[in-house]
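Proteins get letters first, then strands, A, B, ... in listed order; numbering begins at 1 in each.
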Amino acid sequence: MEKREIRVRFAPSPTGPLHIGGVRTALYNFLFAKKHGGSFLLRIEDTDQTRFVPGAEEYIIEAFNWLGIKFDEGVHGGGEYGPYRQSDRKELYKPYAEQLINSGWAYYAFDTPEELENIRKQYELEKKNFQYDCISRLGLKNSLTLNKDEVHQLLQSGTHYVIRFKFPENTEIHVDDLIRGHVQMNSSLLDDKVLFKSDGMPTYHLANVVDDYLMKISHVIRGEEWLPSAPLHVMLYKAFGWEKEMPQFAHLPLLLKPDGNGKLSKRDGDRLGFPVFPLQWIDPRTQDVSSGYREQGYFPEAVINILAFLGWNPGTEQEIFSLDELVNIFSLDRISKSGAKFDVEKAKWFNHQYMMQKSPKEIATLYMPILSEKGFDKVSTEYAEQICALTKERINFVSELWDQTSFFFQAPASYDEQVVKKRWKEGTSSHLQDIVKIIVEKPFDKQILHDDVKAYIEEHQLNIGQIMNCLRLSLVGESKGPDLFEIIMLLGKEETLIRIERAIEVLG
RNA sequence: GCCCCGUUCGUCUAGCUGGCCCAGGACGCCAGGUUUUCAUCCUGGAAAUCAGGGGUUCGAAUCCCCUACGGGGUACCA
């Protein structure tokens, strides 16, 4: 058999912001496509007009832009198989549904939602479950039970109808899944899914299969929640006579809530200490704000890396991978079968790894706006870069920078009492006076200063920790931060002297 | 209820073609070291009787069956 061109798609419905489970699905699709030199497309599945949320589609595109996941074809432009928005393809689906009716694979059903609802309630009272299937359809209002004239008349009179798939009785349906292997279901247990709705739109099932066929999709990589309807999809390909073109399926394990049970949902949001959305989202109706990875200070590369490892691993001990490296090494058969819980701590660690990889310049660029916000809008980029160089190994997020480096911009307003109590002794101020002298008289050089101060401490047989910590206290205000002499160099001679003298004045 | 999928340290997982596994790595945790501080970093440690029970086999985390538990589905939602 000729090798099939690899074409995969990510097909979200614009019912809100995309959550990270969706992002991961898209990522795996992308990696798979690129690994095999194929195409990756973005198709918007907006067949449910009632759930449409304004801004959701734009959000999705912006999110992938931020993450660096690029589509070869899709709603944003590009590709010969458009339109890529199902609402724009609306007219195309009905003939396919009718084709199925003509070939006996589907039928018209005239039962109203209310009627079905009543039947369901009735069944519930008897502790039974209603299903529109090969048994019950015989007692309902559809083109299988009504005679031809009645059907014709109903159709002519404009009565609302849906088109349902007609599952054959007692047939084993086989789904070959690239991740789960062989899955089998009996058709009698399946219900006759609606393919075409009374509002003139197809349901997911129809639109999805028709579009995948038309767009020449070779692999359907999607969440496990679709596994139960995969037999329907397989049967649809068969009913249309598209078996040869049927894509291969790969059903991904779900992303689970880190605490209790259940799949990660949009509502879990900030409750669990990590975002479920790539970007911040403000609900257009309620104005509720849900945080995003971008706004929380995660690097897009880190988010990619984190998501890639939730349900997949390369089988080696390497954990840090760029997108390109992932493309190289990705394979569907290393995807695990069970759901994964998101681990915030590990996510932070990933971000930290990327923080260390970043150049001081990149980090400084991100820091400058924060500095401005704090009122330091005249900081030179060079100064900011030097500070970032000194600090990047100590933080996970850019947002921690201010807490770690504020003393570079403003003198301590107070001195950590714990440290004062522990370190600031009788003779401290006079020793600091001597160090001030050293700073004033000697060349302002890190190494020289370091050596001279050390020599002074040794000469006077002082406790090095005690003196150094007091020096640090007077410059930083507390017992933290990078190398003291680095700090002094960055602060400059004048500022250093001012701060030491002020500490002596305040602490005695 | 019914159908489908899953089940290895707290978490992500290696292990899939049975012996190299009284189960390896990473995060986190604990201890020690480096350091003038905090953090980083380095070293070491605790941490899974491989969900439980039956088989098959000389030998099973790895194959088979059952049970339990978890998850998903069961809409004119996707």
*Under 3.5 Å, is there a donor-acceptor pair linking the side chains of A/Arg180 and A/His251?*
no
*Rounding to a whole Å, what distance do you find between A/Lys358:NZ and B/U40:C1'?*
19 Å
_Rounded interatomic separation in angstrom, taking CG from A/Leu255 and C1' from B/U11_ = 13 Å
*Kindly assign one of parallel, tilted or perpendicular to the pair A/Trp226 and A/His233, based on the angle between their ring planes and the thresholds 30° and 60°.*
tilted
_Between C1' on B/U17 and CG on A/Asp333, what's the gap in Å once rounded to a whole number?_
14 Å
*Could you encode protein contacts along nucleotides 73-78 of chain B as a string, one character per nucleotide from 5' to 3', using B for base contact, S for sugar-phosphate-only contact and - for no contact, with a heavy-atom cut-off of under 4.0 Å?*
SSSBBB
_B/G52 and B/G70, which share atom name C1', separated by this distance in whole Å_ = 15 Å
*Under 4.0 Å between any heavy atoms, over every strand shown, what does A/Gln184 touch: base, sugar-phosphate, or nothing? Just pick one.*
sugar-phosphate
*asked:* Rounding to an integer number of angstrom, what distance separates B/A51 and B/C29 when you compare their P atoms?
replied: 27 Å
_Sequence-aligned protein contact record of nucleotides 25-31 of chain B, with B where the base is within under 4.0 Å of a protein heavy atom and S where only the sugar-phosphate is_ = SBBS---
_Crowding at NZ, A/Lys166 (>12 non-hydrogen neighbours, <6.0 Å)_ = no
*Write down the distance between CD (A/Glu393) and P (B/U35), rounded to a whole number of angstrom.*
17 Å
_Check this one for me: any side-chain N or O of A/Arg472 less than 4.0 Å away from OP1 or OP2 of B/U35?_
no
*Pairwise C1' distance, B/C12 and B/U49 [rounded to whole Å]*: 23 Å
_What is the distance, to the nearest angstrom, from the CD atom on A/Glu224 to the P atom on B/G70?_
16 Å
_Between P of B/C41 and CE of A/Met356, the distance in whole Å_ = 5 Å
*asked:* Can you confirm whether or not the ring centre of A/Phe165 sits under 6.0 Å from the ring centre of A/Trp105?
replied: yes
*Would you call A/Glu45-A/Arg9 a salt bridge at under 4.0 Å N-O?*
no
*Under 3.5 Å, is there a donor-acceptor pair linking the side chains of A/Ser338 and A/Ser336?*
no
